Amino acid sequence: MRSPIERSARRGEAAPGRDSEHTIVIGGQTIGYSLRRSTRRSIGIVVDRQGLRVIAPMPASPGDIESALLRHGEWITRKVREWQPPTAVRLSIDDGQRVPLLGEWLTLRLASGANRAAWAPGSGEPTLTLHLRCPEDAPRVLEKALRERARALFAARLAHYVPLLGVRQPALSLSSARTRWGSCSRRGAVRLNWRLVHFPIAVIDYVVVHELAHLHEMNHGPRFWSLVAQHCPDFRALRARLQQLAVACPRW
């Protein structure tokens, strides 16, 4: 759902750089949001299943962005409530259904076949075609494809942060926990929830850094959070963002 100042946005507008995560207090409520810089001329505000997102011109200052959010504060808090149901979103896997992938949208296509998934090449909105023997196989085939994408991505992010934190490369496994997004054992193994693949890279990186930091500090004391902050300075905003996205994490 788009705010009045978003209606004039040009579709498909490219944004230089990756999203950054922030928080703002509106009406006593702390709300996390992602910020993307763009070549557009006005500040755009979007609230949907992925939470609050802001698209701002490169010259816009933090004060400009905060003022825009506060001006639309009532609209934002109302839409955030509407898009955050008390239980996880249940999706039907139909042709044309869209599911979140890395904070963007993935379009599903259904076709007959031998229960395999095919990712469409190209730079536009990603598409995943499920070649199914029967419609009942769709949930299993979709989860397998997303798990494979998640494992490859998580392995790459771990490889990126391992030398930065000065730890050994941990063994990686995937979990399906309903409420826990990551864990680290004293033996140096890391488990990450495969459903993190629905969320933006910045949120995934926060979880990765969090778990790798446990290889130094198996607790949540001051030294642990100091280490997290060194490699993820906006971890508080990302943690709030994760909590918001978790509420509407899709299930099928």
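Since this is a predicted model, take the numbers as computed values, not measurements.
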Asks: Residues in side chain to side chain contact (heavy atoms under 4.5 Å, CB included) with Ser226, at least two apart?
Replies: Gln230

Asks: Checking His131 now: which residues fulfil side chain to side chain contact (heavy atoms under 4.5 Å, CB included) with it, not counting sequence neighbours?
Replies: Ala111, Arg116, Ala118, Thr129

Asks: Hey, could you give me the OG/CZ distance between Ser183 and Arg191, rounded to the nearest 0.5 Å?
Replies: 6.0 Å

Asks: Report yes or no: do Val228 and Met218 belong to one cluster of Ile/Leu/Val/Met/Phe/Trp/Tyr joined by side chain heavy-atom distances under 4.5 Å?
Replies: no

Asks: Is there a side-chain contact between Ser34 and Pro200 (heavy atoms, below 4.5 Å)?
Replies: no

Asks: Locate the shortest heavy-atom distance separating Ala138 from Leu130; write the atom from each residue and the value.
Replies: O-CD1, 4.1 Å

Asks: Verify side-chain contact (heavy atoms from CB on, under 4.5 Å) between Ile65 and Ile24, making sure each step is shown before the conclusion.
Replies: CA-CA 10 Å; Ile65 295 167; Ile24 187 171; over 6 Å; no

Asks: If I take atom CD1 from residue Ile31 and atom CZ from residue Arg241, how far apart are they, to the nearest 0.5 angstrom?
Replies: 11.5 Å

Asks: Excluding sequence neighbours, so at least two apart, what forms ring pair (Phe, Tyr, Trp, His ring centres under 6.0 Å) with Trp181?
Replies: Phe199

Asks: Which residues satisfy the side-chain hydrogen bond (donor to acceptor under 3.5 Å, both in side chains) test with Tyr33, sequence neighbours excluded?
Replies: none

Asks: Does the side chain of Arg239 reach to within under 4.5 Å of the side chain of His210, using non-hydrogen atoms?
Replies: no

Asks: Are any non-hydrogen side-chain atoms of Leu212 and Val162 less than 4.5 angstrom apart?
Replies: yes

Asks: Could you check whether Ser176 and Arg147, counting side-chain N and O atoms only, form a donor-acceptor pair closer than 3.5 Å?
Replies: yes

Asks: Are Tyr161 and Val167 close enough that some pair of their side-chain heavy atoms sits under 4.5 Å apart?
Replies: no

Asks: Could you check if a side-chain atom of Leu108 sits within less than 4.5 angstrom of a side-chain atom of Ile93, using non-hydrogen atoms only?
Replies: yes

Asks: Quick check: closest heavy atoms across Pro170 and Leu158, and the distance to 0.1 Å?
Replies: CG-CD2, 4.2 Å

Asks: Backbone N or O of Ala202 within a donor-acceptor pair of the Asp205 side chain at under 3.5 Å?
Replies: no

Asks: Under the 3.5 angstrom rule, does the side chain of Asn115 hit a backbone N or O of Leu132 as a donor-acceptor pair?
Replies: no

Asks: Could you pull out the closest heavy-atom pair between Leu69 and Ile26, with the gap in Å?
Replies: O-CD1, 4.1 Å

Asks: I'd like to know if the side chain of Ser67 pairs up with that of Asp64 as donor and acceptor (distance under 3.5 Å, no hydrogens or angles considered).
Replies: no

Asks: Give a yes or no answer on whether the side chain of Gln97 reaches the backbone of Ser92 with a donor-acceptor pair at less than 3.5 Å.
Replies: yes

Asks: Could you walk me through whether Leu142 and Trp252 satisfy the side-chain contact (heavy atoms from CB on, under 4.5 Å) test, starting with their C-alpha distance in whole Å, then the side-chain angles of each, then the deciding distance to 0.1 Å, before giving a yes or no?
Replies: CA-CA 10 Å; Leu142 174 58; Trp252 49 83; 3.7 Å; yes

Asks: Does His214 use its side chain to pair, donor to acceptor, with the backbone of Glu217 at less than 3.5 Å?
Replies: yes

Asks: Has Ser38 got a side-chain atom pairing as donor or acceptor with Arg40's backbone, closer than 3.5 angstrom?
Replies: yes

Asks: Given 3.5 Å as the limit, does a donor-acceptor pair link the side chain of Arg236 with the main chain of Thr23, or not?
Replies: no

Asks: List in chain and number order the residues that pass side-chain hydrogen bond (donor to acceptor under 3.5 Å, both in side chains) with Arg109, two or more places apart in sequence or in another chain; answer none if no residue qualifies.
Replies: Asp95

Asks: As an exercise, state the distance from CG of Leu196 to CZ of Arg157, rounded to the nearest 0.5 Å.
Replies: 13.0 Å

Asks: Supply the atom-to-atom distance Asp234 CG to Leu35 CG, rounded to the nearest 0.5 angstrom.
Replies: 11.0 Å

Asks: Report whether Leu172 and Leu164 are members of the same hydrophobic cluster (ILVMFWY, side-chain heavy atoms less than 4.5 Å apart, transitive linking).
Replies: yes

Asks: Which heavy atom of Leu215 sits nearest to which heavy atom of Gly188, and what is that distance?
Replies: CD2-CA, 3.7 Å

Asks: Counting N and O atoms only, with roles assigned by atom type, does the side chain of His198 sit under 3.5 Å from a partner on the main chain of Leu101, one being a donor and the other an acceptor?
Replies: no

Asks: Using atom types as modelled and distance alone, determine if a side-chain donor or acceptor of His216 lies under 3.5 Å from a backbone N or O of Leu165.
Replies: yes

Asks: Quick one, Ser175 and Trp194 - any side-chain contact, counting heavy atoms below 4.5 Å?
Replies: no

Asks: Are any non-hydrogen side-chain atoms of Leu106 and Pro100 less than 4.5 angstrom apart?
Replies: no

Asks: Look up atom CG in Leu153 and atom CZ in Arg149, then write down how far apart they are to the nearest 0.5 Å.
Replies: 8.5 Å

Asks: Going by heavy atoms in the side chains, are Leu192 and Glu211 under 4.5 Å from each other?
Replies: yes

Asks: For Arg133 and Ala114, which heavy atoms make the closest approach, and how far apart are they?
Replies: NH2-O, 3.9 Å

Asks: Under a 4.0 Å threshold between the charged nitrogen and the carboxylate oxygen, would Glu104 count as salt-bridged to Arg36?
Replies: yes

Asks: I'd like to check the side chain to side chain contact (heavy atoms under 4.5 Å, CB included) partners of Ala229; sequence neighbours left out, ordered by chain and number.
Replies: Phe235

Asks: What are the two closest heavy atoms between Val25 and Leu70, and how far apart are they?
Replies: O-CD2, 3.9 Å

Asks: Any chance you could measure Leu146, atom CG, to Leu128, atom CG, to the nearest 0.5 Å?
Replies: 6.5 Å

Asks: Whether the side chain of Trp119 engages the backbone of Pro126 through a donor-acceptor N/O pair (distance < 3.5 Å, no angle test) should be reported.
Replies: no

Asks: Surrounding CZ of Arg223 (heavy atoms of other residues, nucleotides or ligands, distance under 6.0 Å), is the total greater than 12?
Replies: no

